[in-house]
Participant: 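To start, I am sharing the structure in question, which I have written as C-alpha cells.
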Amino acid sequence: MNVNEKIISTKTELLETIKQGVNILDYIKDERDIDFVTNAIVIEKNDEDSYYEETAEIVFKSILYYVLFTEGEIKILERCSEIAKYGMNGVDGINKIKNMVSKEERANVLFKPVEIASEKTQKAVFEKLNERLSKI
C-alpha cells in the first residue's frame, strides 16, 4: 500500500502509520488495500477459535465499503468505529448498521453472515470488532 510515497507492506507499519494520525482511508486504491487494512486492524491470531475474529474482519470490511463508497459519508476510521459501536446496542444497533450498509451492494453482501447469526454470536463479533478498533 502506497502512503505518502512510502510503501507500507506489514501490519506493524500500517498500524504505526495510523497511530501517527494518517487517515489511511485516503490511500485505499483497490480491493487489495481494503483487505490489507481490515486484516491488519482486526486479525491478531491470538484466539483459540478464529471464527469471531474472522467474522469481525468481514463486518469491518462491510462497514469500510459502506464508508468508502457512500456519498456524503465521512471517510475516516473514526467513522467506521462509530458505526461498529452501534452493533453493541443489540438488535436495534445491528438493524441500524444493516440499514446503512444495505445502500452499498458489496457492504450489504459482506454483512450477511452477522445478520443471520444468533444474537449471542452477533454480540461476540461486535465485541471483538470494537476491541480491535479501540487499539487504533
Participant: Report yes or no: does T10 contribute a side-chain atom to a donor-acceptor pair with the main-chain N or O of E13 at less than 3.5 Å?
Facilitator: yes
Participant: Applying the 4.5 Å side-chain criterion to the ILVMFWY set and letting contacts propagate, would I76 and I63 be lumped into a single cluster?
Facilitator: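 Different clusters.
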Participant: Would you say T70's side chain and E73's backbone share a donor-acceptor pair under 3.5 angstrom?
Facilitator: no
Participant: Are V67 and M88 linked, directly or through intermediate hydrophobic residues, by side-chain heavy-atom contacts shorter than 4.5 Å (ILVMFWY only)?
Facilitator: yes
Participant: Are more than 12 heavy atoms from other residues, nucleotides or ligands located less than 6.0 Å from atom NZ of K85?
Facilitator: no
Participant: If you round to the nearest 0.5 Å, how far is CG of L14 from OG of S9?
Facilitator: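 Those atoms lie 10.0 Å apart.
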Participant: Where do Y65 and A107 come nearest, in terms of heavy atoms and distance?
Facilitator: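 Scanning both residues completely, I find the closest heavy atoms to be CB-CB, 3.9 Å.
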Participant: Would you say K61's side chain and I34's backbone share a donor-acceptor pair under 3.5 angstrom?
Facilitator: no
Participant: Side-chain contact test, heavy atoms from C-beta onward, threshold under 4.5 Å: evaluate it for I94 versus F126 and give yes or no.
Facilitator: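 Yes, close enough: below the 4.5 Å cut-off.
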Participant: Donor-acceptor pair, E104 side chain versus R106 backbone, under 3.5 Å?
Facilitator: yes
Participant: In sequence, state the C-alpha distance, the side-chain angles, and the governing distance for D26 and N23, and then conclude on side chain to side chain donor-acceptor pair (under 3.5 Å).
Facilitator: CA-CA 6 Å; D26 288 341; N23 181 19; 3.2 Å; yes
Participant: When you group the ILVMFWY residues by side-chain heavy-atom contacts below 4.5 Å and let the links chain together, are V109 and V125 in the same group?
Facilitator: no
Participant: So, the side chain of N89 versus the backbone of D92: is there a donor-acceptor pair under 3.5 Å, distance only?
Facilitator: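 It does not hold such a pair.
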Participant: As an exercise, state the distance from CD of E54 to CG of N39, rounded to the nearest 0.5 Å.
Facilitator: 9.5 Å
Participant: Check for a donor-acceptor pair, side chain of D33 on one end and backbone N or O of K29 on the other, with a separation under 3.5 Å.
Facilitator: yes
Participant: Are the side chain of T55 and the backbone N or O of Y52 linked by a donor-acceptor pair below 3.5 Å?
Facilitator: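 No.
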Participant: Counting heavy atoms not belonging to I74, are there more than 12 under 6.0 Å from its CD1?
Facilitator: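 Not buried by this count: 12 neighbours or fewer within 6.0 Å.
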Participant: With a 6.0 Å cut-off (strictly less than), is the heavy-atom count around NZ of K135, excluding the residue itself, greater than 12?
Facilitator: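 Above 12, so yes.
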Participant: Answer yes or no: is there a donor N or O on one side and an acceptor on the other, between the side chain of S62 and the main chain of I58, under 3.5 Å?
Facilitator: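 Side chain of S62 to backbone of I58: no pair is present.
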Participant: Starting from the C-alpha separation in whole Å, work towards a yes-or-no answer on salt bridge (Lys or Arg N to Asp or Glu O under 4.0 Å) for E16 and K19.
Facilitator: CA-CA 5 Å; E16 188 58 39; K19 288 178 182 173; 5.7 Å; no
Participant: Are K123 and E119 close enough, and set up right, to give a salt bridge (Lys or Arg N to Asp or Glu O under 4.0 Å), and what steps lead you there?
Facilitator: CA-CA 6 Å; K123 182 177 190 249; E119 218 173 301; over 6 Å; no
Participant: For a side-chain contact (heavy atoms from CB on, under 4.5 Å) with V42, tell me which candidate from V59, V37, L129, L133 qualifies.
Facilitator: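 Single pass found, and it is L129.
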Participant: Got a donor-acceptor contact below 3.5 angstrom from the E53 side chain to the K45 backbone?
Facilitator: yes
Participant: Does any N or O in the side chain of N4 come within less than 3.5 Å of the main-chain N or O of K6, such that one atom is a donor and the other an acceptor?
Facilitator: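 Answer holds: no.
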Participant: Kindly check if the number of other-residue, nucleotide or ligand heavy atoms within 6.0 Å of CD (E105) is above 12?
Facilitator: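 Result for CD/E105: open.
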Participant: For the CD atom on Q20, are there more than 12 heavy atoms of other groups (residues, nucleotides or ligands in this structure) within a distance under 6.0 Å?
Facilitator: yes
Participant: Kindly determine whether K128 and D49 satisfy salt bridge (Lys or Arg N to Asp or Glu O under 4.0 Å), including the steps that lead there.
Facilitator: CA-CA 12 Å; K128 181 67 64 182; D49 181 0; over 6 Å; no
Participant: Heavy-atom count around K11 NZ within 6.0 Å, excluding the residue itself: above 12?
Facilitator: yes
